[in-house]
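Have a look at the structure below, then the notes.
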Amino acid sequence: MNNKGNIYEEFEWRGLLYDATPELKDVLGKESVTAYIGFDPTAASLHVGSLLPIMGLARMQRYGHTSIALVGGGTGLIGDPSGKTAERQLLTKEKVAENIEGIRAQLSHFLDFEREGNPARIENNHDWLGGLQLIDFLRDTGKHFTVNYMLSKESVKRRIESEDGISYTEFTYMMLQAYDFLELNRRLGCTLQMGGSDQWGNILAGTDLIRRVNGNKAHGLVFPLVTNAAGTKFGKTEAGNVWLDPELTSPYKFYQFWLNADDRDVIHYLKAFTWLDRESIAELERSLEENPGAREAHRRLAREVTTMLHGESALGKAEQAAKVLFGGSLENLSVNDLKDIFEDVPSTVIPREELSGDGMGALELCTRIGLTSSNGEARRLIRQGGLFVNNDRLSDESGRVTAEQGIDGELLVLRKGKKSYHLVQIGQG
RNA sequence: GGACGGGUACCGAAGCGGUCAACCGGGCUGGACUGUAAAUCCAGUGUCUUUCGACUUCGGAGGUUCGAAUCCUCCCCCGUCCA
C-alpha cells in the first residue's frame with residue numbers, strides 16, 4: 001500500500017512541511033490514512049495559491065492514502081476569521097452554491113475519483129451542518145470548547161485586540177471546522193486534516209474535539225505559506241489573481257505566470273507544484289546555476305503545471321503563442337494562425353471605413369480600443385517608444401494607422417510594452 | 001456627551017492665501033541593460049490639446065477674497081484621550 005515510502009519525508013524535502021502533530025510521521029509510515037483539506041467557496045474559482053493544498057491531497061493519494069476534498073458549503077456561509085483583520089462580508093447562499101460547483105470541477109483535474117482502492121472524494125459540509133440543530137450543537141460540541149481555549153487561538157486573539165472586534169458568527173467558525181473534522185472522522189474514518197499554515201489553530205481544535213468526543217487520535221499537517229522572492233503576494237500579477245479557471249486566467253497567461261517566476265523561487269516551486277522527482281529537480285537546479293539564461297527550470301515548471309491543469313493541447317498553444325509573441329516577426333503567419341495564437345488577447349472590431357484613406361490617429365486608436373485610458377497616456381506611451389503596430393515600433397505620436405497596414409488587410413496587432421497585446425479586427429460594414 | 005488630532009491624486013505623506021495639477025516615497029506604466037528574470041538606471045504617472053494654454057481636482061455644502069488645498073461657517077466621516 002505504501003509502496004513509495006513515507007509521504008511525510010516526501011513533504012519534508014519538497015518544503016511543504018510547516019508543522020505537523022507529533023505522531024503523524026509514525027502513523028504515515030505504518031498505515032494508510034484518510035486525509036482531508038477544506039476549500040473555501042469564497043470565489044467561483046480557486047487560484048494558484050490553492051494549488052499547494054490540492055497537490056498535497058493528490059500526493060497523499062499517490063502514496064496510497066485516501067484523500068477527501070471538503071468544500072465548505074456550510075462554513076462558507078460563515079467566514080473564516082483566520083488571517084483576516086476585518087470581518088468578512090457574507091456571501092449569499094446562491095453564490096456559495098455556485099462557487100462550489102466551480103471548485104468541484106477544478107479539483108477533479110487533480111484528484112482521481114476512480115482510482116482502484118483509494119478513490120478520492122469530494123464532500124460538502126453543508127450536508128451535516130445544514131440540518132444541525134442549535135441546541136444539539138451546543139450540547140454535543142459547544143460543551144467541549146471553553147471560551148478560554150478559543151480566545152487563546154491566534155486568529156481570534158488578533159481580532160479581539162483589533163478595534164472592530166470579531167462577530168459571534170466568525171468566532172464560532174473554529175467550532176464548525178472542528179465539527180467538520182469530527183464528522184469526517186465518524187463517517188469516513190478521516191484522521192488527518194491538512195491545510196495552509198493559517199489553519200493550524202482550527203485544525204488542532206478539530207483533533208482536540210475528536211479526542212474528547214470519541215477518544216480517537218487525529219492528526220494535523222500544515223503547509224507553509226507560498227512566498228516569492230520579490231516579497232509580493234504569491235499568485236498575483238499585474239493583471240490580478242491567477243485563477244485555475246481558464247475563463248478567468250487563460251492557459252497562456254497561466255503558463256506565463258510560471259515562466260516568469262523569479263530565479264530564486266523556481267526550484268522551490270518545482271518541488272512544491274510538480275511531480276518531478278529529486279534527480280530531475282537537481283538537474284534543473286544545475287542548469288539554472290550554469291546557464292540561467294536558458295531558463296530550463298522555468299520552462300519545465302510552466303510546462304508541468306500547465307499540462308496538469310489545462311492539458312497537453314492547451315500547453316502546446318501556450319508555447320506556440322509564446323514563441324511567436326516573444327520571437328519577433330509576425331510576417332509568415334496567416335490571419336487564422338494569428339487569431340488562434342491571440343485567442344486570449346483582447347480584441348476590438350473597428351469598421352473598415354474608419355481606417356481607410358489616411359486612417360485613424362494612433363492616439364485615438366489606442367484609447368478607442370482601451371489599450372490606453374486617455375489620449376495623454378497614449379501620447380506618453382508613444383513618446384517613450386512603447387507602442388508597436390504589427391511588432392514595428394510606432395514612434396511618431398501624430399502617426400496614423402490605416403487598413404492597408406492590416407495583415408491581409410484584416411488584422412492589426414497592437415502591442416504596449418513587451419507583453420500587453422491588443423488585436424484590432426478590421427470589420428466590414 | 002466633552003477635549004484634542006485628522007480627512008490631499010492608487011497607497012503613504014508634504015503643502016497651510018497667490019509662483020499648486022499640488023514636494024517626496026511606494027506602487028504602477030514605458031524605455032535602456034538582460035534571460036519574457038532580479039538588481040540598476042532614465043522617463044512618465046488628472047483630462048483636452050501639446051508650444052503656449054484651457055478645463056476639472058485637495059471629505060461635503062456654503063461664504064470671505066481680485067485670487068483658496070490653504071481663511072470662516074455648517075455638516076459628514078475617522079483616530080486618540082476624558083466621561
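Throughout, protein chains are lettered first and strands after them, A, B, ... in sequence-line order, and every chain is numbered starting at 1.
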>> Rounded to whole Å, please give me the gap between CG in Asp265(A) and P in G35(B).
In response: 21 Å

> Taking the P atom of each, how far is G53(B) from C77(B), in whole Å?
Replying inline: 43 Å

> Taking protein heavy atoms under 4.0 Å as touching, what does nucleotides 43-53 of chain B look like 5' to 3' if B marks base contact, S marks sugar-phosphate-only contact and - marks none?
Replying inline: BSS-SSBB---

> What's the OH-P distance between Tyr252(A) and U36(B), to the nearest Å?
Replying inline: 12 Å

> Which listed nucleotide (G31(B), U29(B), A37(B)) is nearest to the side chain of Arg393(A)?
Replying inline: G31(B)

> Mind checking the P distance from G5(B) to U73(B)? Whole angstroms is fine.
Replying inline: 14 Å

> Considering Watson-Crick and G-U wobble pairs with both distances under 3.5 Å, what does G12(B) pair with?
Replying inline: C24(B)

>> If I take atom CZ in residue Arg300(A) and atom C1' in nucleotide G35(B), what distance separates them, rounded to the nearest angstrom?
In response: 20 Å

> Are any side-chain N or O atoms of His219(A) and backbone N or O atoms of Gln193(A), one a donor and one an acceptor, separated by less than 3.5 Å?
Replying inline: no

>> Measure CG/Leu325(A) against P/G35(B) and give the value in whole Å, please.
In response: 19 Å

> How far does the P atom of A83(B) sit from the matching atom of U8(B), given to the nearest Å?
Replying inline: 31 Å

>> Suppose we call two aromatic rings close when their centres sit under 6.0 Å apart. Are Phe257(A) and Tyr252(A) close by that rule?
In response: no

> In whole angstrom, what separates Leu284(A)'s CG from A37(B)'s P?
Replying inline: 20 Å

> Taking the side chain of Asp262(A) as heavy atoms from C-beta outward, which of G31(B), G30(B), A37(B) is closest to it?
Replying inline: A37(B)

>> Using whole Å, what does the distance between atom C1' of nucleotide C28(B) and atom CG of Leu381(A) come to?
In response: 14 Å

> Partner of U65(B) by Watson-Crick or G-U wobble geometry, both contacts under 3.5 Å, or none?
Replying inline: none

> What distance, rounded to whole Å, do you find between the two P atoms, one in U34(B) and one in U47(B)?
Replying inline: 33 Å

> Looking at Phe388(A), does the NZ or CZ of Arg415(A) lie under 6.0 angstrom from its six-membered ring centre and within 45 degrees of the ring axis?
Replying inline: yes

>> With a 3.5 Å distance limit and no angle check, can you tell me whether Thr306(A) reaches the backbone of Ala302(A) through a side-chain donor-acceptor pair?
In response: yes

> What do you reckon, are the aromatic ring centroids of Phe273(A) and Phe223(A) less than 6.0 Å apart?
Replying inline: no

>> Taking only the C1' atom of each, what is the distance from G27(B) to G59(B) in whole angstrom?
In response: 24 Å

>> Students often mix this up, so state it plainly: with edges at 30° and 60°, are the rings of Phe254(A) and Trp258(A) parallel, tilted or perpendicular?
In response: perpendicular

> Roughly how far apart are Leu209(A) CG and Tyr179(A) OH, rounded to 0.5 Å?
Replying inline: 9.5 Å

> If the C1' atom of C75(B) is compared with that of G7(B), how far apart are they to the nearest Å?
Replying inline: 14 Å

Look for any protein N or O under 3.5 Å of an N or O in nucleotides 55-57 of chain B and output each such pair with its distance, or none.
none

> Starting at the 5' end of RNA chain B and moving along, which residue's nearest nucleotide shows up first, Phe388(A) or Leu288(A)?
Replying inline: Phe388(A)

>> If I pick the C1' atom on G35(B) and the same atom on G44(B), what distance separates them, to the nearest angstrom?
In response: 26 Å

> Which nucleotide, in any strand shown, forms a Watson-Crick or G-U wobble pair with C55(B), with both distances under 3.5 Å?
Replying inline: G46(B)

>> If we ignore hydrogens and angles and just use 3.5 Å, is the side chain of Gln61(A) paired with the main-chain N or O of Asn118(A) as donor and acceptor?
In response: yes

>> Does Gly386(A) reach a base, just sugar-phosphate, or nothing at all? Heavy atoms under 4.0 Å.
In response: sugar-phosphate

>> So, does Lys419(A) get its side chain near the phosphate of A37(B), meaning an N or O under 4.0 Å from OP1 or OP2?
In response: yes

> Under the 6.0 Å and 45° cation-pi test, does Arg62(A) pair with Trp275(A)?
Replying inline: yes

>> By nearest heavy atom, map Gln256(A) and Arg415(A) onto RNA chain B; which one lands nearer the 5' end?
In response: Arg415(A)

> Between Arg295(A) (side chain) and Asp263(A) (backbone), is there a donor-acceptor pair under 3.5 Å?
Replying inline: no

> Who does C4(B) pair with, Watson-Crick or G-U, both distances under 3.5 Å?
Replying inline: G79(B)

>> Roughly how many Å apart are G62(B) and A32(B), using the P atom of each and rounding to a whole number?
In response: 50 Å

> How long is the line joining CZ of Phe326(A) and P of U36(B), in whole Å?
Replying inline: 8 Å

> Across all strands shown, which nucleotide pairs with C74(B) by Watson-Crick or G-U wobble geometry, both distances under 3.5 Å?
Replying inline: G60(B)

> Nearest to the side chain of Arg264(A), which nucleotide is it out of A38(B), G30(B), C33(B)?
Replying inline: A38(B)

